[in-house]
Amino acid sequence: QVQLVDSGGGSVQAGGSLRLSCAISGSTNRINAMGWFRQAPGKGREGVAAIFGGRTTYYTDSVKGRFTITQNVAQKTMTLQMNMLTPEDTAMYYCAAARVPLSLGGSWEITHVVSWGQGTQVTVST
(Lines give C-alpha, C1' and ligand atoms only; values in the text may rest on other atoms or scores of the structure.)
Protein backbone atom coordinates (compact mmCIF):
# COMPACT_ATOMS: atom_id res chain seq x y z
CA GLN A 1 0.00 0.00 0.00
CA VAL A 2 1.35 3.40 -0.97
CA GLN A 3 1.51 5.94 1.84
CA LEU A 4 1.42 9.71 1.45
CA VAL A 5 2.32 12.53 3.79
CA ASP A 6 1.49 16.05 2.68
CA SER A 7 2.73 19.30 4.11
CA GLY A 8 3.40 22.94 3.33
CA GLY A 9 0.08 24.56 4.03
CA GLY A 10 -0.29 27.80 5.91
CA SER A 11 -1.91 31.21 6.00
CA VAL A 12 -1.07 33.79 3.36
CA GLN A 13 -2.48 37.01 2.00
CA ALA A 14 -4.18 37.15 -1.37
CA GLY A 15 -1.58 37.23 -4.11
CA GLY A 16 0.88 35.20 -2.10
CA SER A 17 2.37 31.80 -2.80
CA LEU A 18 2.69 28.44 -1.11
CA ARG A 19 4.34 25.20 -2.07
CA LEU A 20 2.72 21.98 -0.95
CA SER A 21 4.77 18.81 -0.77
CA CYS A 22 3.86 15.14 -0.68
CA ALA A 23 6.23 12.39 0.42
CA ILE A 24 5.55 8.99 -1.10
CA SER A 25 6.45 5.63 0.40
CA GLY A 26 5.44 2.02 0.04
CA SER A 27 4.55 0.20 -3.15
CA THR A 28 3.59 2.32 -6.14
CA ASN A 29 3.20 -0.57 -8.57
CA ARG A 30 -0.50 0.01 -9.00
CA ILE A 31 -0.27 3.80 -9.25
CA ASN A 32 -0.49 5.58 -12.58
CA ALA A 33 -1.64 9.01 -11.46
CA MET A 34 -0.64 11.41 -8.72
CA GLY A 35 -2.13 14.73 -7.79
CA TRP A 36 -4.03 16.93 -5.42
CA PHE A 37 -7.58 17.46 -4.26
CA ARG A 38 -8.97 20.17 -2.04
CA GLN A 39 -12.03 20.50 0.13
CA ALA A 40 -13.47 23.78 1.35
CA PRO A 41 -15.91 23.90 4.28
CA GLY A 42 -19.31 22.59 3.28
CA LYS A 43 -18.13 21.47 -0.14
CA GLY A 44 -17.08 18.22 -1.72
CA ARG A 45 -13.55 17.23 -2.48
CA GLU A 46 -12.45 18.88 -5.73
CA GLY A 47 -9.73 17.74 -8.09
CA VAL A 48 -7.05 20.43 -8.39
CA ALA A 49 -4.15 19.04 -10.40
CA ALA A 50 -2.74 15.70 -11.45
CA ILE A 51 -0.08 13.96 -13.49
CA PHE A 52 -1.10 10.90 -15.46
CA GLY A 53 1.55 8.37 -16.38
CA GLY A 54 4.23 10.86 -15.42
CA ARG A 55 3.51 12.75 -18.63
CA THR A 56 0.12 14.38 -18.96
CA THR A 57 -0.93 17.12 -16.57
CA TYR A 58 -4.38 18.19 -15.54
CA TYR A 59 -5.50 21.38 -13.85
CA THR A 60 -8.96 22.46 -12.91
CA ASP A 61 -9.90 25.65 -14.73
CA SER A 62 -9.77 27.88 -11.68
CA VAL A 63 -6.06 27.21 -11.05
CA LYS A 64 -4.69 27.14 -14.59
CA GLY A 65 -1.79 29.52 -14.97
CA ARG A 66 -1.37 29.82 -11.21
CA PHE A 67 -0.63 26.31 -9.95
CA THR A 68 2.07 23.93 -11.15
CA ILE A 69 2.26 20.26 -10.29
CA THR A 70 5.63 18.53 -10.27
CA GLN A 71 6.59 14.93 -9.58
CA ASN A 72 10.11 13.78 -8.81
CA VAL A 73 10.09 10.01 -9.14
CA ALA A 74 13.65 9.53 -7.92
CA GLN A 75 13.08 11.58 -4.78
CA LYS A 76 9.63 10.08 -4.21
CA THR A 77 8.06 13.48 -3.85
CA MET A 78 5.34 15.53 -5.46
CA THR A 79 4.79 19.26 -5.15
CA LEU A 80 2.09 21.76 -5.92
CA GLN A 81 3.41 25.28 -6.43
CA MET A 82 0.56 27.70 -5.85
CA ASN A 83 0.96 31.31 -6.95
CA MET A 84 -1.37 34.28 -6.97
CA LEU A 85 -3.53 32.71 -4.31
CA THR A 86 -7.05 33.98 -3.75
CA PRO A 87 -9.52 33.45 -0.90
CA GLU A 88 -11.33 30.93 -3.11
CA ASP A 89 -8.27 28.71 -2.82
CA THR A 90 -8.84 28.36 0.91
CA ALA A 91 -9.32 24.66 1.61
CA MET A 92 -7.81 21.55 3.04
CA TYR A 93 -5.49 20.16 0.39
CA TYR A 94 -4.85 16.44 0.05
CA CYS A 95 -2.26 14.70 -2.06
CA ALA A 96 -3.51 11.52 -3.64
CA ALA A 97 -2.34 8.47 -5.52
CA ALA A 98 -4.70 6.81 -7.96
CA ARG A 99 -5.10 3.99 -10.39
CA VAL A 100 -6.97 5.37 -13.38
CA PRO A 101 -8.24 2.93 -16.03
CA LEU A 102 -6.85 3.54 -19.49
CA SER A 103 -10.38 4.13 -20.74
CA LEU A 104 -10.63 7.07 -18.35
CA GLY A 105 -7.31 8.68 -19.16
CA GLY A 106 -7.25 12.26 -17.98
CA SER A 107 -9.97 11.71 -15.42
CA TRP A 108 -9.03 12.95 -11.92
CA GLU A 109 -11.75 11.72 -9.61
CA ILE A 110 -11.84 10.53 -6.03
CA THR A 111 -13.34 7.19 -7.05
CA HIS A 112 -9.97 6.04 -8.36
CA VAL A 113 -7.85 7.21 -5.44
CA VAL A 114 -6.15 4.40 -3.56
CA SER A 115 -4.21 6.46 -1.02
CA TRP A 116 -4.61 9.89 0.55
CA GLY A 117 -2.37 12.21 2.43
CA GLN A 118 -3.63 13.43 5.78
CA GLY A 119 -4.35 16.91 4.46
CA THR A 120 -2.72 20.31 4.87
CA GLN A 121 -4.68 23.50 5.42
CA VAL A 122 -4.34 26.47 3.08
CA THR A 123 -5.92 29.73 4.19
CA VAL A 124 -5.84 32.83 2.00
CA SER A 125 -6.97 36.14 3.45
CA THR A 126 -8.19 39.09 1.44
Side-chain angles (χ1 to χ4, degrees):
Q1 177 70 36
V2 62
Q3 294 179 302
L4 309 176
V5 179
D6 43 25
S7 61
S11 298
V12 298
Q13 297 182 56
S17 298
L18 286 172
R19 178 175 291 182
L20 307 184
S21 297
C22 181
I24 306 162
S25 63
S27 176
T28 60
N29 291 339
R30 296 182 57 82
I31 304 303
N32 64 3
M34 296 285 300
W36 298 84
F37 291 81
R38 66 186 180 186
Q39 188 166 19
K43 297 184 178 180
R45 200 162 291 190
E46 172 193 23
V48 178
I51 299 178
F52 299 93
R55 304 174 184 175
T56 304
T57 58
Y58 159 83
Y59 298 95
T60 192
D61 286 345
S62 63
V63 309
K64 288 180 179 177
R66 300 188 298 119
F67 290 12
T68 303
I69 186 169
T70 304
Q71 185 177 2
N72 189 317
V73 177
Q75 295 182 358
K76 306 288 286 183
T77 59
M78 177 179 61
T79 64
L80 184 68
Q81 178 66 46
M82 306 185 296
N83 299 324
M84 297 299 295
L85 287 162
T86 76
E88 293 185 352
D89 297 315
T90 295
M92 185 73 74
Y93 284 71
Y94 301 87
C95 63
R99 179 71 181 180
V100 180
L102 293 177
S103 61
L104 298 178
S107 178
W108 187 234
E109 300 177 355
I110 60 174
T111 53
H112 297 112
V113 173
V114 299
S115 186
W116 295 94
Q118 80 284 0
T120 184
Q121 178 68 40
V122 171
T123 302
V124 184
S125 61
T126 185

Problem set entry | Nearest non-hydrogen partners of A14 and T126, listed with the distance | CB-CA, 4.3 Å

For this session: May I ask whether V12 and V122 are part of the same hydrophobic cluster, defined by side-chain heavy atoms of I, L, V, M, F, W, Y residues being less than 4.5 angstrom apart, directly or through others?
Result: yes

Problem set entry | Over all atoms of both residues, closest heavy-atom pair of T120 and G9 | OG1-N, 2.9 Å

For this session: Look at the side chain of Y59 and the backbone N and O of G65, then say whether any donor-acceptor pair between them is shorter than 3.5 Å.
Result: no

Problem set entry | Separation of Q121 CD from L20 CG (nearest 0.5 Å) | 10.5 Å

For this session: Answer whether the closest heavy-atom distance between the side chains of L4 and M34 falls below 4.5 Å.
Result: yes

Exercise. In Å and rounded to the nearest 0.5 Å, what is the OG to CZ distance from S7 to R19?
Worked result: 11.5 Å

For this session: With the side chain counted from C-beta on, respond yes when V2 and R30 share a heavy-atom pair under 4.5 Å apart, and no when they do not.
Result: no

Exercise. How long is the gap from CG on N72 to SG on C22, to the nearest 0.5 Å?
Worked result: 12.5 Å

Exercise. What's the spacing between I31 CD1 and R99 CZ if we round to 0.5 Å?
Worked result: 8.0 Å

For this session: Give every residue pair that meets the ring-ring contact (aromatic ring centres under 6.0 Å, His included) criterion with at least one member in residues 23-51, sequence neighbours excluded.
Result: F37-W108, F37-W116

Exercise. Hey, does the side chain of T123 reach the backbone of T90 with a donor-acceptor pair shorter than 3.5 angstrom?
Worked result: no

Exercise. Are V114 and V48 joined in one hydrophobic group, where the rule is that I, L, V, M, F, W and Y side chains link up if heavy atoms are under 4.5 Å apart?
Worked result: yes

Problem set entry | Cluster check M92, L80: I/L/V/M/F/W/Y, side chain < 4.5 angstrom | no

For this session: Let me see the working for T28 and K76 under side chain to side chain contact (heavy atoms under 4.5 Å, CB included), right down to the final yes or no.
Result: CA-CA 10 Å; T28 60; K76 306 288 286 183; 3.6 Å; yes

Exercise. Which atoms form the tightest heavy-atom contact between I69 and I51, and what is the distance?
Worked result: CG2-CG1, 3.7 Å

For this session: Ignoring hydrogens and angles, state whether a donor on the side chain of E109 or S107 is under 3.5 Å from an acceptor on the partner side chain.
Result: yes

For this session: Heavy atoms only: give me the nearest M84-D89 pair and the separation to one decimal.
Result: O-OD2, 4.4 Å

Problem set entry | Atom of G119, atom of D6 and distance for their closest heavy-atom approach | N-OD1, 2.9 Å

Seminar exercise, completed: So CZ of R66 and OG1 of T68: to nearest 0.5 Å the spacing works out to 10.5 Å

Exercise. For the atom pair CD (Q13) and CG (L85), what is the distance rounded to the nearest 0.5 Å?
Worked result: 11.5 Å

Exercise. Can you tell if the side chain of E46 reaches within under 4.5 Å of the side chain of T60, non-hydrogen atoms only?
Worked result: yes

For this session: Decide yes or no for S62 and E88: does some side-chain heavy atom of the first lie under 4.5 Å from some side-chain heavy atom of the second?
Result: no

For this session: Say whether Y93 and Y58 are linked into one hydrophobic cluster, either directly or through other cluster members, by side-chain heavy-atom distances under 4.5 angstrom.
Result: no

Exercise. Going only through I, L, V, M, F, W and Y residues with side-chain contacts under 4.5 Å, is there a path from I24 to Y94?
Worked result: no

Problem set entry | For D61 against K64, the heavy-atom pair lying closest together | OD1-NZ, 3.0 Å

